Amino acid sequence: MLQSVITTDKDLSALTTLRLPARASCFAQADTREQLLGLLSTLDADAQLLLLGGGSNLILSGDFDGLCLRIASRGIQIQPQGAGAVLVRAQAGENWHEFVDHCLSNGCYGLENLALIPGTVGAAPIQNIGAYGVEVKDTIRSVEVWDRQQKRLCELDVDDCGFSYRDSLFKSVEPGRYVILSVCFELQTRFQPHLGYAGLAERLGPNPAARDVFDAVVALRQQKLPDPEQLANAGSFFKNPVISQQQLQQLKQRYPAIVSFPDPGGAKLAAAWLIDQAGWKGCRRAHVGVHSQQALVLVHFGGGNAIELLQLADDIQRDVLERYGVVLEIEPRIV
């Protein structure tokens with residue numbers, strides 16, 4: 001087994017989709033599961049560790065004094081279970097969109113609505129990624145992790161992962177304790193479309209095939225969201241805020257066109273609508289700005305830094321709070 005090589009003073013700007021300037025004092029890339037375990041087993045539980053996958057949901061606020069470990073392990077195993085179920089285990093470094101496409105091509109259904117989300121398989125549970133009415137937690141059976149505190153491998157059942165809206169055990173409850181090695185998904189061999197999202201249903205005719213849903217999701221995302229390869233961004237920058245039904249009714253009296261969705265906690269507001277109506281869509285401040293087609297996306301035009309980006313985000317948050325009495329929470333992880 002080839003061991004990962006640790007380099008020093010690594011430029012990280014090209015390894016995240018926001019391409020903000022930052023360096024790591026130490027850097028290594030694990031191309032295999034064995035390399036990843038080999039590196040993790042040598043680290044102390046309190047060692048400063050920054051994990052990178054696709055770098056798509058991360059804001060580097062400055063230089064990192066520790067080891068930045070990029071996870072690039074690959075591998076997919078499909079195990080039919082009978083009764084229309086199939087287990088699919090993917091290594092953490094698999095590209096998420098390519099993984100969704102691979103499952104679809106092999107008759108494993110349930111992830112179509114999550115197509116074209118940037119990042120890796122290992123990052124998906126951390127954020128509990130979701131789109132067009134589906135969250136990844138709905139398809140996860142278990143998550144294989146390295147427990148840095150106990151220095152051992154373990155398998156966490158979906159109920160142990162603390163999943164909630166764009167959140168999980170890995171993100172906010174015990175951040176830094178667990179390193180995801182692989183994820184086991186429970187998918188279906190019989191396709192059942194999830195078409196609760198109005199924009200998606202409108203694009204499709206009756207009884208769409210799984211590939212039709214996949215293609216429609218890809219088209220919608222390409223239409224609304226900038227390609228990070230062309231314009232640096234981290235995708236959705238703010239979570240859709242959840243408020244009470246009472247507060248929603250009060251807001252509707254003042255803003256009848258406000259966009260909301262049902263939620264177990266009351267109602268979920270469309271953050272993009274709030275930001276757009278407050279006049280921020282298309283706003284540019286030197287090196288950073290709000291995308292002209294999607295108000296939920298903050299972009300980096302180049303030459304900027306995290307201070308500029310986070311100041312813009314803070315100004316948007318303050319304005320939305322003053323106008324609507326609603327708190328916007330930043331979705332990407334800030335390091």
Side-chain angles (χ1 to χ4, degrees), residues 1-75 90-99 117-127 143-149 151-153 170-171 174-183 228-229 232-235 287 300 302-310 330 332-335:
M1 177 189 73
L2 292 176
Q3 293 184 339
S4 296
V5 176
I6 297 180
T7 58
T8 58
D9 192 28
K10 174 71 172 180
D11 182 0
L12 301 179
S13 58
L15 299 182
T16 69
T17 58
L18 269 170
R19 297 195 286 278
L20 296 171
R23 306 188 77 86
S25 56
C26 297
F27 175 85
Q29 177 167 308
D31 293 315
T32 67
R33 171 191 173 86
E34 290 74 24
Q35 286 182 348
L36 181 55
L37 282 172
L39 275 167
L40 293 173
S41 64
T42 65
L43 292 177
D44 293 333
D46 57 354
Q48 292 297 307
L49 178 64
L50 170 62
L51 299 173
L52 270 185
S56 58
N57 199 55
L58 180 67
I59 302 169
L60 296 178
S61 59
D63 294 344
F64 182 74
D65 186 16
L67 174 64
C68 175
L69 175 55
R70 190 181 194 195
I71 300 175
S73 52
R74 306 297 291 265
Q91 297 302 305
E94 286 285 345
N95 175 276
W96 175 259
H97 176 67
E98 293 175 4
F99 170 65
I117 293 179
T120 59
V121 166
I126 298 173
Q127 190 73 7
V143 180
E144 183 192 26
V145 300
W146 174 262
D147 185 336
R148 296 185 63 203
Q149 284 187 7
K151 299 196 77 168
R152 67 181 182 92
L153 277 173
F170 315 109
K171 182 179 179 181
E174 295 194 80
R177 176 175 177 178
Y178 300 105
V179 179
I180 294 175
L181 273 73
S182 69
V183 183
E229 295 291 330
N233 72 90
H287 307 104
H300 174 215
N305 56 48
I307 294 175
E308 294 177 76
L309 185 74
L310 293 175
I330 292 176
R333 187 164 55 105
I334 302 174
V335 176

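Computed from a predicted structure; not experimentally measured. Residues take their numbers from the sequence shown, with the count starting at 1.
- Residue pairs meeting the salt bridge (charged side-chain N to carboxylate O under 4.0 Å, His left out) criterion with at least one member in residues 46-68, sequence neighbours excluded, do not occur.
- By the 4.5 Å heavy-atom criterion applied to side chains, R33 and E144 are counted as neighbours.
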Please lay out, stage by stage, how L49 and L40 fare under the test side-chain contact (heavy atoms from CB on, under 4.5 Å).
CA-CA 10 Å; L49 178 64; L40 293 173; 4.2 Å; yes
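- Using a 4.5 Å cut-off on side-chain heavy atoms (C-beta onward), D147 and Y178 make contact.
- To the nearest 0.5 Å, atoms NZ (K151) and OG1 (T42) are separated by 7.0 Å.
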Is there a side-chain contact (heavy atoms from CB on, under 4.5 Å) between T120 and W96 once you walk through the steps?
CA-CA 5 Å; T120 59; W96 175 259; 5.8 Å; no
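- Side-chain contact, S73 with Q91: no donor N or O sits under 3.5 Å from an acceptor N or O.
- Rounding to the nearest 0.5 Å gives a distance of 5.0 Å between CG of L310 and CD1 of I334.
- Put simply, CG on D44 and CZ on R148 are 8.5 Å apart, with the number rounded to the nearest 0.5 Å.
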Please walk me through it: do I6 and L39 pass side-chain contact (heavy atoms from CB on, under 4.5 Å)?
CA-CA 10 Å; I6 297 180; L39 275 167; 4.1 Å; yes
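- Every side-chain hydrogen bond (donor to acceptor under 3.5 Å, both in side chains) that K171 has, sequence neighbours left out, goes to Q127.
- Between K10 and Q29 there is no side-chain heavy-atom pair separated by less than 4.5 Å.
- Between the CG atom in L18 and the CG atom in N57 there is a gap of 9.5 Å [rounded to 0.5 Å].
- For the pair S61 and A306, the tightest heavy-atom approach, listed with the atom from each and the gap, is CA-CB, 3.5 Å.
- Contact annotation: the side chain of L69 never approaches that of V179 to less than 4.5 Å [non-hydrogen atoms, C-beta and beyond].
- Inter-residue side-chain proximity for L60 and L50 is flagged as met; some heavy-atom pair is nearer than 4.5 Å.
- Judged as a side-chain hydrogen bond (donor to acceptor under 3.5 Å, both in side chains), the pairs with a partner in residues 11-20 (not counting sequence neighbours) are, in order, D11-S13.
- Residues L36 and W146 fail the side-chain proximity criterion, which asks for heavy atoms closer than 4.5 Å.
- Within the 4.5 Å cutoff, the side chain of H300 has no heavy atoms near those of the L309 side chain.
- Counting only heavy atoms from C-beta outward, the side chains of E34 and L37 never approach each other to under 4.5 Å.
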